[in-house]
Student: 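Handing you this structure, nothing more for now.
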Amino acid sequence: MARPFDVAAIEEKWQARWLDDGTYEVDNDDPRERFYALCMYPYPSGAAHQGHIRNYTFGDLIVRYQTMKGKAVLSPFGFDSFGLPAENAAIKAGSHPRLFTDARMKELKSSVRRLGAVYDWRREVFSHDPGYMKWAQTIFLAFWKAGLAYRAEAPVNWCPGCATVLANEQVNPDGTCDRSGDLVERKNLEQWFFKITDYAEELLSDVDALEWPERVKTMQRNWIGRSEGVEFALALASDPSRGLRVFTTRPDTGFGVTYAVVAPEHPLLDELTSDAQRDAVQALVERATSASELERTSSSDAGEGLEKRGAFTGSYVINPFTNEPVPVYVADYVLGTYGTGAIMAVPAEDERDFAFARVHGLPVVRTVEPPADFEGGAFSGDGPHINSGFLDGLDTTSAKIKATEFLVANAQGEAKVNFRLRDWLVSRQRFWGCPIPVVYCDVHGIVAVPEDQLPVVAPDDVTMDKSGQSPLATHEGFRTTTCPVCGGPARRETDTMDTFTDSSWYFLRYADPFTPDKAFDPVEVAKWMPVDQYIGGIEHAILHLLYARFYMKALVDVGLAPGLPREPFRRLFTQGMIRLDGAKMSKSKGNLIAPEKYYETVGADGLRLFHLFVGPPADDVDWTSQTEELIEGCGRFLDRFYRLCDEHEVNFHDPFDESDLAVRHAVHRTVQRVSDDFERWSYNTAVAAIMELLNTVSKWARSEHGADKKTFDEAIETMLKMLAPMSPHIVAEIWERRFPGQSSVHEQSWPVADPALVREETVTMVVQLNGKVRARLEVATTLSESDAAELALGAPEIAHDLVGATVKRVVARPPRLVNIIV
RNA sequence: GUCGGAGUGGCGGAAUAGGCAGACGCGCCAGCUUGAGGGGCUGGUGCCCUUAGGGGCGUGCGGGUUCAAGUCCCGCCUCCGACACCA
């Protein structure tokens, strides 16, 4: 396509200027109102693809728009530069992950520059910078000293492919590794954890006030998974002084407990198992613990269809409500990691228990009366209680209260809240991450590396392979050290931290990257936090966002962030992803569409406009053959705009007349629309509004009748300003030619609509006959109801249709519509 | 299965408070620009019937409320996403 201007030259010129002039650098003591705009910390995977382009287009639009609105906008950039891909690539090439990472950071950096996205590069942060690691480790130690980090042996998710443990959040529902897709195994290992569960309640309740997409909030709530109930003891029939502790949310159904179940991992299982049942129990346990999660859950895609495998232990416990003994089973449908790892089973009111009872021939006793037309097994709804002694006749809510009181008094019960959320496993047996800064001394145990020795940095000459242990553990020089307390022999921790720790506080360092003696100065950071607009992909709805929220609260509590808000991200926007042939576009899938070819044709300006115009920002974009043509169309729009600004085909007339006034109206109405659309993330309609205005102005100015020069200039000037955050290069170029020597369009104020010009004097009123449009009248906006009705009835088309008919009713809604019912 | 979100022309999508369905763009058609056009400009373009004027239908499906429903209510269907034995 022949463009009327040199795209590449213009874009390069302005990109260089924004960078050289430090146009978007901002100081912490800036007196203007502040705005913190942030795109999620990117993993440096190389040159940007369309997903990045889309993300940074939105981010840059906000930065430029808020700047024009007169705010001091913090727009930082950096890299989540630790992580597996670089390490795996290094193993493959026999190289060092830093080489890959540095090269890819450079690529991504040049990509965002090529897009015309602007940042305060003085604030750049990246995870493998020793200057950043030092504070990452300081924070770790602060958490440890505050009891928020601890070491424990735990059954962990072990990925054989990645040769490391994974957080629960990194294991797919089908039991495979989120990264490699390998089946995850269970292993018992000593690991570091963060006590995120201490914050479960606050993490849950604070979700309500966040201006986040509802579905992200829902996902967070579900992940935390709060449930209220009672924990109590089922007395062992063999020794009633001892009990099997269980958790239930339905104490009201206690009279219906016909058996109990313990998880295969339950500590009391061995004791509960009788000799006669030992073989059966053993078989069940072996199958359950060796089976991967996949095998355990793959028999069906619906919970109720799952095979209910279990075995009788040979023991009985006493139902405290009935005082009857009930059998204890071991079954893999009870999880060792939730609640107490044991349950009371109520087959009549719980589907899973019902399914199990059916398979194993256990009795079902209804304690809640189901509706008359109820068909099916378990009824988990509300209803009057039956077969329930002192609970008979009560509804679920009152029965729960009474049953809880009973259990507290008679079965060592206590009301309890359980969470699905587990503590965050943060150690990784990998090389390319931030080392955990502790030392193990035979005398003093776990000892923190003293602050003046931070950061602990991994040596370069480490062998990385997939042997299954931490690469750092194989490096004697690193591993062997002395105890900071006694000077005796000690060994270093050789695990590194989960990279999600790096992305949990980077936004604080951005706000104050200059402080040399601490992670950040809370006074400086308070000037920017919380982030006003956070932008990123929906894939981080749980992991990153939950961890960062936890960090923020924990940092305040351990004293590193006094006075800072406990929630880091006030507003969140999750953009849709780009799909190619139905699959998400990503480097790992290898289905990328590189932006370069579009830079050559429509330029960064055209590509940005496309991403804004293609549809609602939150929606996914399907990249199809038609997409190319859409992008061309966006380029053509910019061409048309450029040519109009040239004024070659424009005619001018002198006295200002009605046609000019109409254009002024259109200009101001468009300003109104675009401003509103910007505020509500409706960029596609904002672009449409400007396209419409260009069509109007173009037709008017190139007509024989011509345009008033002042009105024309106002229209062009206003369009330039409105397009500035969208397609910043060409707009800056045109502005400079029209206003040589003046400050850039990007330093102008965002246009404000004149209310008098937004208001219309006349409008088209629709006249309907029985709801069908029969006439259109041009009327004054101030038209009264009675005048509207009169006008409508008098309209020639209507009068004709009304001959011989009786008007039953006239609904007048001036000035838009009148509906005549006959 | 549960919880979210969505379903509108050939396509991406618009309709912000119940009031003209289809803005804007892509594609397509016609005309002009006439050396041709992958450029530019002008006009047309939901579907069906009709020679015309005009008429009918139309926002996943079926009901309902209303003068008026893409929008509100009830019941379904389909697709996408999250969770998925969490007691």
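Here is the naming used below: chain letters follow the sequence lines, and residue numbers restart at 1 for every chain.
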Student: I want to verify a distance call: between B/A14, B/C26, B/C67, whose nearest atom is closest to the A/Ile821 side chain?
Tutor: B/C67
Student: For a quick check under 3.5 Å, do A/Glu349 and A/Thr367 share a side-chain donor-acceptor pair by atom type?
Tutor: yes
Student: Output the rounded distance in Å from OH (A/Tyr338) to P (B/C85).
Tutor: 13 Å
Student: Can you tell me how far the CG atom of A/Asp332 sits from the CZ atom of A/Arg309, to the nearest 0.5 Å?
Tutor: 5.0 Å
Student: Whole-Å distance between B/G27 P and A/Ile631 CD1?
Tutor: 12 Å
Student: Between B/C77 and B/G22, how far apart are the two C1' atoms, rounded to whole Å?
Tutor: 25 Å
Student: If you check the A/Thr685 side chain, which of B/C41, B/G19, B/A14 turns out closest?
Tutor: B/A14
Student: Using whole Å, what does the distance between atom P of nucleotide B/C67 and atom CD of A/Gln768 come to?
Tutor: 14 Å
Student: For the pair made of CG in A/Leu546 and P in B/A82, what is the distance, rounded to whole Å?
Tutor: 17 Å
Student: What is the distance, to the nearest angstrom, from the CD atom on A/Glu778 to the P atom on B/C20?
Tutor: 16 Å
Student: How long is the line joining CD of A/Glu214 and P of B/A82, in whole Å?
Tutor: 18 Å
Student: Check the chi torsion on B/G37 and let me know: syn if it falls within 90° of 0, anti if not.
Tutor: anti
Student: Heavy-atom contacts under 4.0 Å between residues 669-679 of chain A and RNA chain B, which residues?
Tutor: A/Asp677
Student: For B/A17, does the O4'-C1'-N9-C4 or O4'-C1'-N1-C2 angle fall within 90° of 0, making it syn, or is it anti?
Tutor: syn
Student: If only side-chain N and O atoms count, and only distance matters, is there a donor-acceptor pair under 3.5 Å linking A/Glu539 with A/His544?
Tutor: no
Student: Looking at A/Arg245, I'd like to know if its CZ atom is crowded, meaning that more than 12 non-hydrogen atoms belonging to other residues, nucleotides or ligands lie closer than 6.0 Å.
Tutor: yes
Student: Distance to the ring centre below 6.0 angstrom and angle to the axis at most 45 degrees; does that hold for A/Arg420 and A/Trp223?
Tutor: yes
Student: How far apart are the C-alpha atoms of A/Glu778 and A/Thr762, what are their side-chain angles, what is the distance that settles it, and do they pass the side chain to side chain donor-acceptor pair (under 3.5 Å) test?
Tutor: CA-CA 6 Å; A/Glu778 202 62 21; A/Thr762 66; 3.2 Å; yes
Student: Closest to the A/Arg680 side chain: B/G19, B/C83, B/U16?
Tutor: B/U16
Student: Please tell me which of the listed nucleotides, B/C41, B/G43, B/A84, lies nearest to the side chain of A/Lys699?
Tutor: B/G43
Student: Can you tell me, in whole Å, how much space there is between the P of B/G56 and that of B/A69?
Tutor: 16 Å
Student: Identify which nucleotide among B/A87, B/C24, B/C83 has an atom closest to any side-chain atom of A/Phe613, counting heavy atoms from C-beta outward.
Tutor: B/C24
Student: Rounded to whole angstrom, note down the C1' distance from B/G40 over to B/G58.
Tutor: 36 Å
Student: With a 4.0 Å cut-off on heavy atoms, is A/Lys416 in touch with a base, just the backbone sugar-phosphate, or nothing at all?
Tutor: nothing
Student: Would you call A/Arg221 and A/Glu214 a salt bridge, using N to O less than 4.0 angstrom?
Tutor: yes
Student: With sugar-phosphate meaning primed atoms plus P, OP1 and OP2, does A/Val614 contact a base, only sugar-phosphate, or nothing at under 4.0 Å between heavy atoms?
Tutor: sugar-phosphate
Student: In whole angstrom, give the distance that lies between atom CG of A/Leu783 and atom C1' of B/G19.
Tutor: 15 Å
Student: Distance criterion of 3.5 Å, no angle test: do you see the side chain of A/Arg215 paired donor-to-acceptor with the base of B/G5?
Tutor: no
Student: Once the angle between the rings of A/Phe356 and A/Tyr329 is folded into 0 to 90°, is it parallel (under 30°), tilted (30 to 60°) or perpendicular (over 60°)?
Tutor: perpendicular
Student: Mind checking if A/Gln626 touches a base, just sugar-phosphate, or nothing, with heavy atoms under 4.0 Å?
Tutor: base
Student: So which nucleotide does B/G62 pair with, by the Watson-Crick or G-U wobble rule with both distances under 3.5 Å?
Tutor: B/C74
Student: Donor-acceptor pair under 3.5 Å: do we get one between A/Asn819's side chain and the base of B/C67?
Tutor: yes
Student: On a whole-Å scale, what distance lies between the C1' atoms belonging to B/A21 and B/G7?
Tutor: 16 Å
Student: With rounding to the closest Å, how many angstrom separate the C1' atoms on B/U8 and B/U78?
Tutor: 15 Å
Student: Taking the minimum atom-to-atom distance to the side chain of A/Trp223, which one of B/G27, B/C83, B/C67 wins?
Tutor: B/C83
Student: Say whether A/Asn418 and A/Ser227, considering side chains only, have a donor N or O and an acceptor N or O under 3.5 Å apart.
Tutor: no
Student: Can you tell me how the ring of A/Phe321 sits relative to the ring of A/Phe255, calling it parallel under 30°, perpendicular over 60° and tilted otherwise?
Tutor: tilted
Student: If I take atom CD in residue A/Glu628 and atom P in nucleotide B/C11, what distance separates them, rounded to the nearest angstrom?
Tutor: 20 Å
Student: Does anything in residues 688-698 of chain A come within less than 4.0 Å of RNA chain B? Heavy atoms only, and list the residues if so.
Tutor: A/Ala688, A/Met691, A/Glu692, A/Asn695
Student: Is the CD atom of A/Glu414 crowded by more than 12 outside heavy atoms at less than 6.0 Å?
Tutor: yes
Student: Ignoring the backbone of A/Tyr333, work out which of B/C57, B/G27, B/C85 is nearest its side chain.
Tutor: B/C85
Student: For the pair A/Glu628 and A/Lys597, find out whether any cationic side-chain nitrogen is under 4.0 Å from an anionic carboxylate oxygen.
Tutor: yes
Student: For a quick check of understanding: with a heavy-atom distance under 4.0 Å over all strands, which category does A/Ser227 fall into, base, sugar-phosphate or nothing?
Tutor: sugar-phosphate
Student: Distance check, C1' atoms only: B/G5 and B/C67, in whole angstrom units.
Tutor: 33 Å
Student: The side chain of A/Thr218 is closest to which nucleotide in this list: B/C3, B/C57, B/C67?
Tutor: B/C3
Student: Under 4.0 Å between a side-chain N/O of A/Arg702 and OP1 or OP2 of B/U42, yes or no?
Tutor: yes
